[in-house]
Amino acid sequence: MDIRSEIVHQFSQVAREQGRRLSPLSDDLELLESGLDSLSMAILVVRLEESLGIDPFTLTDDARFPITFGEFVDFYETSSRQSQ
Amino acid sequence: MRPAQGSHNKSTSLFEALSAVDKHSDPLIVDANASITLSNLVSGSALFGRGDELCGRSVLVATTNQFTTASALIELDGVARRIVLCPPDLPIEHLPYVMDTAAVDGIVSDRTALQYGSPRPLYFSPCSPTVEPAKCERNACYKTEWILLTSGTTGIPKLVVHSLASLAGAIGPPNMSPEPIVWSTFYDIRRYGGLQIFIRAIFAGASLVLSNAQESPAAFLTRAARLGVTHISGTPSQWRRALMSPAACFISPKYIRLSGEIVDQPILNSLHSAYPHAQISHAFASTEAGVAFEVNDGFAGIPPETIMCTPFVEMKVKDNSLRIRSARTASRYLGNNVSALLDEEGFVDTGDLLELREGRYHFIGRRDGVINVGGLKVHPEEIEAVINRHPAVQGSIVRTKKNPMTGAMVIADVVLDRVNACLDEDVRELREDILLRCRESLSSYKVPAAINFISSLSIAESGKVLRRNA
């Protein structure tokens, strides 16, 4: 599965469910400016684990949540490569 | 007998405390839309100078923002017999229960008069969004009971009784340093954690920067930085979100306080690297148990000596659960058919489970299965009841799942009626339908982030569904 397109799909799905307006998802978009609040982002991580089968946050001790959309995608792609 | 106070403040009301502090640096209470000096707060009124008409009443404070609540609390403490503080997300259908249980006969609100359906004659006092100069009579001298609301198993709130003395019990000696303190908090002051910071600011005569619900983290942090915040508190989840903002580097606090959720080492490390000069402490407090202790050594978990010998707070671990006795705990729950808040020895059983690991105690969850989503309590039973009302559902169990953003999230495992457990397509539709029902009747943080369909629930020997939290 293409990780980036799944992430894009889940961003818009969660935004729709939570009644939030999503900003255009460019790589340099800061996640805090994406339109999703903390709860939406928390839901997003759960949904991505369901669809991609990975939760990269459980694989690392680094508490830092990615800052930009590009970093977020990269975080998942890297983690997916490592878990294969 | 209740244990010794340990508090350095002997004021009998917030108003008295505020009148007594040195206000020469002209401290402020400020949110995104309004600000007021503490001096003007003492000499003015948000109740159009008519606060004394609520004298001796049981007053529900239900305002649309924290700022208005702050001014109403200062006016009412010591004047009202009882203050019932409405949290921001109290579902309106619970208001009649709250008002009835607390025998409310006065309301302070900035909303236009609501129909509360109360059998008692109500005195409705409108609350202005601004504090205007007014000559206020303060003849009354009540030891006001403070009623804070906390979530109960079925969604109906529990009413927890405090006094100003118990709420202010953990506040230390006044600041002697020449540099003024500027407090801020991500919390809402209409809940225990935020109320603590509000009372601290009033007792210290310190400025207080409040957040606004609709404000972005960047906007709040920028504002806090401009006002020179020195002390700031929040949950680990709120801090995780704050650290994602480029504006996080604008503030340079001296003191950072974490509470309301289990604190892990990564968040302490991240905060230390973002604010190397700040003292970072994590505290344990709850609406029922009050402020118990704080840990300042930069590590997650609690040193056993903190449990053994924190001044003015007795703690013990019984059946793995932390029990607390101090003058800072609440005294009781209001209402009929409610459980006792204190055990026969006067301890509050927090229900928070501790495990001793490598020389330190660590919180591992709650005995009652309560899930902590970003500092907000979720009772699985309340969500299960909503899911189980769906005609296609035979049973469900709601459990917690670790989450990097909110600490934990709610997940539901659902068993469908045999008739309905068929095609994938139907299952997708059912999932949507169940979620829709949850969204209609639950606060958003209680709605399951995922629903898994399973074939059966594990039943314990007691006949109860087995709760196993990941």
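Below, read A as the first sequence line, B as the second, and so on, with proteins coming before strands; counting in each chain starts at 1.
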Task: R47(A) side-chain N/O to A450(B) backbone N/O, donor-acceptor pair under 3.5 Å - done: no
Open item on the list: With a 6.0 Å cut-off (strictly less than), is the heavy-atom count around NE2 of H9(A), excluding the residue itself, greater than 12?
Closed with: yes
- [ ] For A42(A) and N403(B), work out which heavy atoms get closest and say how close.
- [x] O-ND2, 3.0 Å
TODO: Grab the two heavy atoms, one from S38(A) and one from M405(B), that are nearest each other, plus how far apart they are.
DONE: O-CG, 3.5 Å
Task: M409(B) portion near chain A, given a 4.5 angstrom heavy-atom threshold - done: side chain
- [ ] Taking the side chain as every heavy atom from C-beta outward, state whether V373(B) and L39(A) have any pair of such atoms under 4.5 Å apart.
- [x] yes
Open item on the list: Heavy-atom pairs under 4.5 Å with chain A - which of A218(B), P448(B), P246(B), P236(B) has more of them than the others?
Closed with: P246(B)
Task: chain A contact via I411(B) - side chain, backbone, both or neither, heavy atoms under 4.5 Å - done: side chain
Task: Contact check, side chains of V45(A) and P404(B), non-hydrogen atoms, under 4.5 Å - done: yes
Open item on the list: Sub-4.5 Å heavy-atom contacts with chain A: which residues of residues 438-446 of chain B show up?
Closed with: R439(B), S444(B), Y445(B)
Open item on the list: Report which part of V410(B) has an atom under 4.5 Å of a heavy atom belonging to chain A: side chain, backbone, both, or neither.
Closed with: neither
Task: For the student: nearest non-hydrogen atoms of R241(B) and L32(A), plus distance - done: NH1-CD2, 3.2 Å
TODO: Under 4.5 Å heavy-atom distance to chain A, tell me which part of N452(B) shows up: side chain, backbone, both or neither.
DONE: side chain
Open item on the list: Contact between R240(B) and M41(A) at the side-chain level, heavy atoms closer than 4.5 Å - yes or no?
Closed with: no
Open item on the list: Can you tell me which portion of E17(A) sits under 4.5 Å from chain B's heavy atoms? Options are side chain, backbone, both or neither.
Closed with: both
